[in-house]
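Working notes for the structure below.
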Amino acid sequence: MMNAQATPRFDGVTIALSKGRIFEDTAHLLKMAGITPLADPEHSRELILPTDRPDVRLVIVRASDVPTYVQYGAADIGVAGKDVLMEHGGSGLYQPLDLQIAKCRLMVAVPQGFDYAGTIRRGARLRVATKYETTARNHFAEKGVHVDLIKLYGSMELAPLTGLADVIVDLVSSGNTLKANHLEAVEEIALISARLIVNVAAWKLHRSRIAPIVEAFARGVASS
Ligand code: PRT
Ligand code: MG
C-alpha cells in the first residue's frame, strides 16, 4: 500500500507506459478507449502526461519498471512486454489481454559458426550475457545446461564479440542487429508481445472505471 500522505491525489485512472515502440503501438488502443495524450513523450520532459480525459493520465517510465508501478498501485494499468513480465514474475498483476503489439522473440544467439549444440552435448559451461537473468537461468536449468550468467543492461550483442560471453539471450525481431554483429539465433526461448496489466487491488476496487478501458483495448486488438 502506498503512503497516502506522500501520494499526490489523483482520483482517476493512471496508465503506465514506456516511450518508444510501446507508446507508439499503444496509441491506437488508447484512441479506441477515447484517450488522447496531450503531449508527446518523445518531445516532452514531463513524466506525467495529461490526456483529453480529466479522469485519465499517463505516466512514462522505463519499460522494465512498468510492472513495478502497476504492482504497487502507483499506476492502475500498464503495458509491458512479455519479456519484462517473465523477468518481473507478475506478482500483484492481473494480465487480461495479449495486445499483439511490439512482437518479437526471446532467443539464444551465438557468434556465426559457434557450435552451440556440440558445446551443450559436451556438457561444457556456457557464459551467457543477458538483461534477462531470471528467464535465462530458468531456461538453461530446464535444459540441464550449466551456465555462468553475466547481467548486462543493454547492447548484449557486444558481449560475444569482445569475449565477455559465449552466448547471449536477447530479443530478436527482424534479425538485422544479430546479422550486423555476425551473430545467429540458435534457440527460441519465448514468443513475445506486449500485455495489458492491471493492479489486482485496483481491479477489485475500481472495476467500473478500469473495465471500460480494458474492454476498449480488447476491441482495438480484435479490430487490428
Ligand atoms: O530502451 P530501454 O533500455 O529504455 O528499455 P527497453 O529496451 O526495455 O525498451 P524498448 O522500448 O526498447 O522495448 C520495449 C519492449 O518492446 C520490449 O520489452 C519488448 O517486449 C518489445 N520489443 C519488440 C523489443 C523488440 N521488439 C526489439 N527488437 N525490444 C527490443 N528490441 C531490440 C532488441 O533488444 C535488439 O537490440 O531490438 C534489437 C533487435 O531488433 P532486430 O529488428 O534487429 O532483430
Ligand atoms: Mg531498447
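Note that ligands are numbered from 1 as they come in the structure, with each ligand's atoms numbered from 1 the same way.
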Inset, instruction - Give yes or no for whether the N/O distance cutoff of 3.5 Å, strictly under, is met between K82 and ligand 1. - result: no
Legend entry - Numbering as shown, the atoms of ligand 1 that approach V172 to under 4.0 Å (heavy-atom distance): 44 (O)
Inset, instruction - Might you confirm whether atom CZ of R62 has over 12 heavy atoms from other residues, nucleotides or ligands at distances under 6.0 Å? - result: no
Inset, instruction - Give the numbers and elements of all ligand 1 atoms closer than 4.0 Å to a heavy atom of I192. - result: 20 (O)
Inset, instruction - Indicate whether any N or O donor in one side chain lies under 3.5 Å from an N or O acceptor in the other, for E87 and T135. - result: yes
Inset, instruction - Please could you name the atoms of ligand 1 that V84 approaches to less than 4.0 Å, counting only its heavy atoms? - result: 18 (O)
Legend entry - Min N/O separation G175 to ligand 1 under 3.5 Å: yes
Inset, instruction - Flag yes if Y132 and V110 sit in one hydrophobic cluster, no otherwise; membership is Ile, Leu, Val, Met, Phe, Trp, Tyr, and two members link when side-chain heavy atoms are under 4.5 Å apart. - result: yes
Legend entry - Proximity winner for atom 3 (O) of ligand 1, if only heavy atoms of R62, E157, K19 are counted: R62
Inset, instruction - Check the side chains of R195 and S193 for a donor-acceptor pair under 3.5 angstrom, ignoring hydrogens and angles. - result: yes
Inset, instruction - Group every Ile, Leu, Val, Met, Phe, Trp and Tyr by side-chain heavy-atom contacts under 4.5 Å, then state whether V61 and F23 land in the same group. - result: no
Inset, instruction - Ignoring angles and geometry beyond distance, decide whether D170 reaches within less than 3.5 Å of ligand 1 through its nitrogen or oxygen atoms. - result: yes
Inset, instruction - Taking only heavy atoms of S174 into account, list the atoms of ligand 1 that are under 4.0 Å away from them. - result: 41 (P), 42 (O), 43 (O), 44 (O)
Inset, instruction - Decide if atom NZ of K31 counts as having more than 12 heavy atoms of other residues, nucleotides or ligands within a radius under 6.0 Å. - result: no
Inset, instruction - Would you tell me whether Q71 and S91 have side-chain atoms, one donor and one acceptor, within less than 3.5 Å of each other? - result: yes
Inset, instruction - Give yes or no for whether the N/O distance cutoff of 3.5 Å, strictly under, is met between S64 and ligand 1. - result: no
Legend entry - For T177, atoms of ligand 1 separated by under 4.0 Å from a heavy atom: 38 (C), 39 (C), 40 (O), 41 (P), 43 (O)
Legend entry - Residue part near ligand 1, for C104, under 4.0 Å between non-hydrogen atoms: side chain
Inset, instruction - Heavy-atom contacts with G81 under 4.0 Å: which atoms of ligand 1 show up? List them by number with element. - result: 20 (O)
Inset, instruction - Could you check L106, D83, N138, D170 and say which one makes a side chain to side chain contact (heavy atoms under 4.5 Å, CB included) with I189? - result: L106
Inset, instruction - Just jot down the ligand 1 atoms closer than 4.0 angstrom to any heavy atom of L171, in number order. - result: 17 (C), 19 (C), 24 (C), 29 (N), 30 (C), 33 (C), 34 (O), 35 (C), 39 (C)
Legend entry - Atom CZ of R105 with >12 non-hydrogen neighbours under 6.0 angstrom: no
Legend entry - Proximal ligand 1 atoms for K131, defined as those under 4.0 Å from one of its heavy atoms: 6 (P), 7 (O), 8 (O)
Inset, instruction - Give a yes or no on whether H146 atom NE2 has more than 12 heavy-atom contacts from other residues, nucleotides or ligands under 6.0 Å away. - result: no
Legend entry - Close N or O approach (S18, ligand 1; < 3.5 Å): no
